[in-house]
Amino acid sequence: MEKTNSRRPLERNIAMELVRVTEAAAMAAARHLGRGDKNLVDGAAVAAMRQTLGYVRMDGIVVVVEGEKDEAPMLYIGERIGDGSAPQADIAVDPIDGTTLVARGLPGALSVLALSARGTMNYPRQFFYMNKIVTGHEAKDLIDIDAPVAENIRNIARAKRRSVAEITVVVLDRPRHEQIISEIQQIGARVKLISDGDVAASIDAAMPETEVDVLMGIGGTTEGVLSAAAIHCIGGGIQCKAWPRDEDEREAAIVSGVDVDKIYKAEDLINSEDVFFAATGVSSGELLKGVRYFSGGAHTQSLVMRSRSGTVRWIDSLHDFKRLDKLENL
């Protein structure tokens, strides 16, 4: 009896199919831009994402999902998605990275989806938040999440052949980051604050020739895995470490067998050479333009990546709603 090779490379660029899913979720959510209801935004995106995932040729299992900490409607861990055919895959989803951004009519929200071979995603969901540091390929071997902020910035500046004053650090604008921001300012680096959306910020930090050199600070665990998927594709470095919100969460994680002091790199979160990533802009930001409606349709912009080839594509799409409605009714 011939044995199957579960590690055989995925030759089909399934990311080109996944982008249909993020496009659908983005267009559904963007209709509620600025209406002040996060759950309305999430619910629309989840419904569209779940429906479109059903058409993708794969046997997928949801391993990583956003939403539990917001008590929002969501896809659930363990849900089987796709049409049941090969390949067998793990799926990470965040129907909207930045629901608050969409609800408040602010820029920078994305719909995000990642896929890897079955059994290769590690989601330490015992804690909601992780401390993270993300940078580009030049300095990926020089960052250390346990090192002082100033040391990491100096190492990144040295790797990029720049002065510290020319390094830009992106940080979520949260009270918990007051100390990090103070240390960045004291060393003389530049600070860029964002209100939400650290997947987009992580991609910016890892991509070459952007305005951001490094992301630092505490964000969602789901976003950490999705960021690791993107970094597998584009290069760069990410390190994450558990950030329990209180002693009860720390103890619960320890009891469940989680090492709260473990440093997770990209390969610890997704242990595969076959990683696919897709993101579509919901509200226009620096990484992607948001959904723009015209009579009878919409224009979307997406980012599609594949790790094995290292290919990164920007896709601009026009969607004809009348034709899409006919397809959905077949």
Engineer: Supply the atom-to-atom distance N122 CG to E267 CD, rounded to the nearest 0.5 angstrom.
Structural biologist: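 These two atoms lie 11.5 Å from each other.
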Engineer: Does the Y293 side chain pair with the main chain of R31, one donor and one acceptor, at a distance under 3.5 Å?
Structural biologist: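 Checking the backbone N and O of R31 against the side chain of Y293, a donor-acceptor pair under 3.5 Å is found.
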Engineer: Which side-chain hydrogen bond (donor to acceptor under 3.5 Å, both in side chains) pairs, counting each pair once, include a residue from residues 246-261, with sequence neighbours left out?
Structural biologist: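 Non-adjacent pairs meeting side-chain hydrogen bond (donor to acceptor under 3.5 Å, both in side chains): R245-E249.
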Engineer: Mark yes or no: R308 above the aromatic ring of F276, with NZ or CZ under 6.0 Å from the six-membered ring centre and no more than 45 degrees from the axis.
Structural biologist: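 So R308 doesn't make the cation-pi contact.
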Engineer: Hydrophobic clusters here meaning ILVMFWY residues chained together by side-chain heavy-atom distances under 4.5 Å, can you tell me if I263 and I254 are in one?
Structural biologist: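 The answer is no; the residues belong to distinct hydrophobic clusters.
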Engineer: If you measure only the distance, is there a donor-acceptor pair under 3.5 Å linking the side chains of S317 and E23?
Structural biologist: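 Distance-only check passes for S317 and E23.
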Engineer: Could you tell me which non-hydrogen atom of D97 sits nearest to which non-hydrogen atom of A200, and how far apart they are?
Structural biologist: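 Scanning both residues, the minimum pair turns out to be OD2-N, 4.0 Å.
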Engineer: Do S85 and D59 make a side-chain contact, defined as non-hydrogen atoms from C-beta onward lying under 4.5 Å apart?
Structural biologist: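 The answer is no; the side chains never approach within 4.5 Å.
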Engineer: Does this structure show an ion pair linking R306 with D274, if we count only N-O contacts that are shorter than 4.0 Å?
Structural biologist: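 No salt bridge links R306 with D274.
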Engineer: Under 3.5 Å, side chain of E183 to main-chain N/O of I180, donor-acceptor pair present?
Structural biologist: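 No; judged by distance alone, with no hydrogens or angles, the pair does not exist.
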Engineer: Give me the atom names and distance for the closest heavy-atom approach of V291 to A298.
Structural biologist: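 In terms of heavy atoms, the two residues are closest at CG1-CB, 4.0 Å.
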Engineer: Assess whether side chain to side chain contact (heavy atoms under 4.5 Å, CB included) is satisfied between V312 and L303, documenting all intermediate values.
Structural biologist: CA-CA 7 Å; V312 179; L303 187 61; 3.5 Å; yes
Engineer: Kindly indicate, with the supporting measurements, whether the criterion side chain to side chain contact (heavy atoms under 4.5 Å, CB included) is fulfilled by I91 and I81.
Structural biologist: CA-CA 9 Å; I91 307 293; I81 52 179; 3.6 Å; yes
Engineer: Keeping S307 on the side-chain end and V275 on the backbone end, is there a donor-acceptor pair under 3.5 Å?
Structural biologist: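 Yes, because the side chain of S307 sits within donor-acceptor range (under 3.5 Å) of the backbone of V275.
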Engineer: Using a 3.5 Å distance criterion without hydrogens, assess whether the side chain of N155 forms a donor-acceptor pair with backbone atoms of N152.
Structural biologist: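 Not a single qualifying donor-acceptor pair exists.
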Engineer: Hey, any chance V191 and V164 share a hydrophobic cluster, counting ILVMFWY side chains that come within less than 4.5 Å of each other, even indirectly?
Structural biologist: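 Linked within one cluster.
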Engineer: Q301 side chain to T280 main-chain N or O, any donor-acceptor pair under 3.5 Å?
Structural biologist: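 Absent.
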Engineer: Please report the closest heavy-atom contact between G98 and D196, naming both atoms and the distance.
Structural biologist: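 Scanning both residues completely, I find the closest heavy atoms to be CA-CB, 4.4 Å.
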Engineer: Are there more than 12 heavy atoms of other residues, nucleotides or ligands under 6.0 Å from atom CD of E273?
Structural biologist: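 Counting other residues, nucleotides and ligands, CD of E273 stays at 12 neighbours or fewer.
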Engineer: In Å, rounded to the nearest 0.5 Å, how long is the span from NZ of K192 to CD1 of I184?
Structural biologist: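 Answer for the NZ-CD1 pair, K192 versus I184, is 13.5 Å.
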Engineer: State yes or no: do I143 and I231 share one hydrophobic cluster built from I, L, V, M, F, W and Y residues joined by side-chain heavy-atom distances below 4.5 Å, directly or via other members?
Structural biologist: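 In one cluster: no.
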Engineer: Distance check, rounded to the nearest 0.5 Å: R190 atom CZ versus I153 atom CD1?
Structural biologist: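 It comes to 12.5 Å.
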Engineer: Taking NZ in K241 as the centre, count heavy atoms belonging to other residues, nucleotides or ligands within less than 6.0 Å. Is the count above 12?
Structural biologist: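 Yes.
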Engineer: Would you say that L215 contacts V169 through its side chain, given a criterion of any heavy-atom pair below 4.5 Å between the two side chains?
Structural biologist: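 SC-SC contact between L215 and V169 ruled out.
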Engineer: Are I181 and V170 connected, step by step, through hydrophobic side chains (Ile, Leu, Val, Met, Phe, Trp, Tyr) whose heavy atoms are closer than 4.5 Å?
Structural biologist: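 No.
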Engineer: Roughly how far apart are I145 CD1 and C240 SG, rounded to 0.5 Å?
Structural biologist: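 Rounded to the nearest 0.5 Å, the CD1-SG separation comes to 6.0 Å.
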Engineer: Out of the candidates V19, L226, D94, T22, only one should pair with L113 under the side-chain contact (heavy atoms from CB on, under 4.5 Å) rule; please name it.
Structural biologist: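 Filter result, single survivor: T22.
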Engineer: Find out whether V112 and F277 are in side-chain contact, i.e. whether some heavy atom of one side chain is under 4.5 Å from a heavy atom of the other.
Structural biologist: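 Yes. Closest side-chain heavy atoms under 4.5 Å.
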Engineer: With rounding to the nearest 0.5 Å, note down the distance linking CG in L115 to OG1 in T120.
Structural biologist: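 Reported to 0.5 Å precision, the distance equals 8.0 Å.
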Engineer: Check for a donor-acceptor pair, side chain of E138 on one end and backbone N or O of K160 on the other, with a separation under 3.5 Å.
Structural biologist: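 Checking the backbone N and O of K160 against the side chain of E138, no donor-acceptor pair under 3.5 Å is found.
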Engineer: For V171, does its backbone N or O pair with a side-chain atom of H177 as donor and acceptor, under 3.5 Å?
Structural biologist: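 A pair under 3.5 Å: no.
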Engineer: Should the heavy atoms of other residues, nucleotides or ligands under 6.0 Å from CZ of R313 be counted, would the total exceed 12?
Structural biologist: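 Incorrect, the count does not exceed 12.
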Engineer: Evaluate side chain to side chain contact (heavy atoms under 4.5 Å, CB included) for V21 paired with Y55, printing each intermediate quantity in order.
Structural biologist: CA-CA 9 Å; V21 180; Y55 299 119; over 6 Å; no
Engineer: Could you check M305 against T311 for side chain to side chain contact (heavy atoms under 4.5 Å, CB included), going step by step and ending with a plain yes or no?
Structural biologist: CA-CA 6 Å; M305 310 184 199; T311 305; over 6 Å; no
Engineer: Closest approach of I203 and A230, non-hydrogen atoms and distance?
Structural biologist: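 Smallest heavy-atom distance, with atoms named: CG1-CB, 3.9 Å.
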Engineer: Do Q239 and D146 make a side-chain contact, defined as non-hydrogen atoms from C-beta onward lying under 4.5 Å apart?
Structural biologist: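 No. Closest side-chain heavy atoms not under 4.5 Å.
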Engineer: Any donor-acceptor pair under 3.5 Å linking the side chain of S284 with the backbone of G290?
Structural biologist: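 Yes.
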Engineer: Any donor and acceptor pair, going by atom type alone, linking the side chain of D90 with main-chain N or O of G119 inside 3.5 Å?
Structural biologist: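 Such a contact is found between D90 side chain and G119 backbone.
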Engineer: Among L106, L110, V282, exactly one meets side-chain contact (heavy atoms from CB on, under 4.5 Å) together with L101. Which residue is that?
Structural biologist: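 Result: among L106, L110, V282, L106 is the only option passing the side-chain contact (heavy atoms from CB on, under 4.5 Å) with L101.
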Engineer: Hey, is the main chain of M58 close enough, under 3.5 Å, to the side chain of D83 for a donor-acceptor pair?
Structural biologist: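 Flag set: sc D83 to bb M58 pair under 3.5 Å.
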Engineer: Please evaluate residues H319 and T300 with respect to the criterion side chain to side chain donor-acceptor pair (under 3.5 Å), reporting the C-alpha separation (whole Å), side-chain torsions for both, the decisive distance (0.1 Å), and the verdict.
Structural biologist: CA-CA 8 Å; H319 306 269; T300 60; 2.8 Å; yes
Engineer: Looking only at heavy atoms, which two atoms of S302 and L288 are closest? And how far apart?
Structural biologist: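 So the two residues come closest at C-CD2, 3.8 Å.
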Engineer: Who are the side chain to side chain contact (heavy atoms under 4.5 Å, CB included) partners of A45, not counting sequence neighbours?
Structural biologist: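 A45 satisfies side chain to side chain contact (heavy atoms under 4.5 Å, CB included) with A25, A29, P95, I96 only.
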Engineer: G224 and L269: which non-hydrogen atoms are nearest, and at how many Å?
Structural biologist: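 Distance-wise, the nearest heavy atoms are O-CD1, 3.9 Å.
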Engineer: Is there a side-chain contact between Y264 and M130, using heavy atoms and a 4.5 Å cut-off?
Structural biologist: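 Yes, side chains in contact.
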Engineer: Any side-chain heavy-atom pair from M216 and V149 closer than 4.5 angstrom?
Structural biologist: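 They are in contact (side-chain heavy atoms under 4.5 Å apart), so the answer is yes.
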Engineer: Hydrophobic cluster membership, with links at side-chain heavy-atom distances under 4.5 Å among I/L/V/M/F/W/Y: are M121 and I14 in one?
Structural biologist: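 Hydrophobic grouping puts M121 with I14.
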Engineer: Can you confirm whether more than 12 heavy atoms, excluding those of R174, are under 6.0 Å from its CZ atom?
Structural biologist: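 Yes, the 6.0 Å shell around CZ holds more than 12 heavy atoms from other groups.
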Engineer: Checking D204 now: which residues fulfil salt bridge (charged side-chain N to carboxylate O under 4.0 Å, His left out) with it, not counting sequence neighbours?
Structural biologist: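 Expected list: none.
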Engineer: Which of these passes side-chain contact (heavy atoms from CB on, under 4.5 Å) with K132: T221, I218, L172, D198?
Structural biologist: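 Result: among T221, I218, L172, D198, D198 is the only option passing the side-chain contact (heavy atoms from CB on, under 4.5 Å) with K132.
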Engineer: Can you find a pair of side-chain heavy atoms, one from M49 and one from S111, that are under 4.5 Å apart?
Structural biologist: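 A side-chain contact under 4.5 Å exists here.
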Engineer: Side chains of S182 and Q186 only: does a donor on one sit below 3.5 Å from an acceptor on the other?
Structural biologist: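 Yes, because at least one side-chain N or O of S182 sits under 3.5 Å from a partner of the opposite role on Q186.
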Engineer: Between D213 and R162, is there a salt bridge with N-O shorter than 4.0 Å?
Structural biologist: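 Salt bridge flag = yes for D213 with R162.
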Engineer: Can you find a heavy atom in the side chain of T168 that is under 4.5 Å from one in the side chain of E211?
Structural biologist: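 Side-chain contact under 4.5 Å: no.
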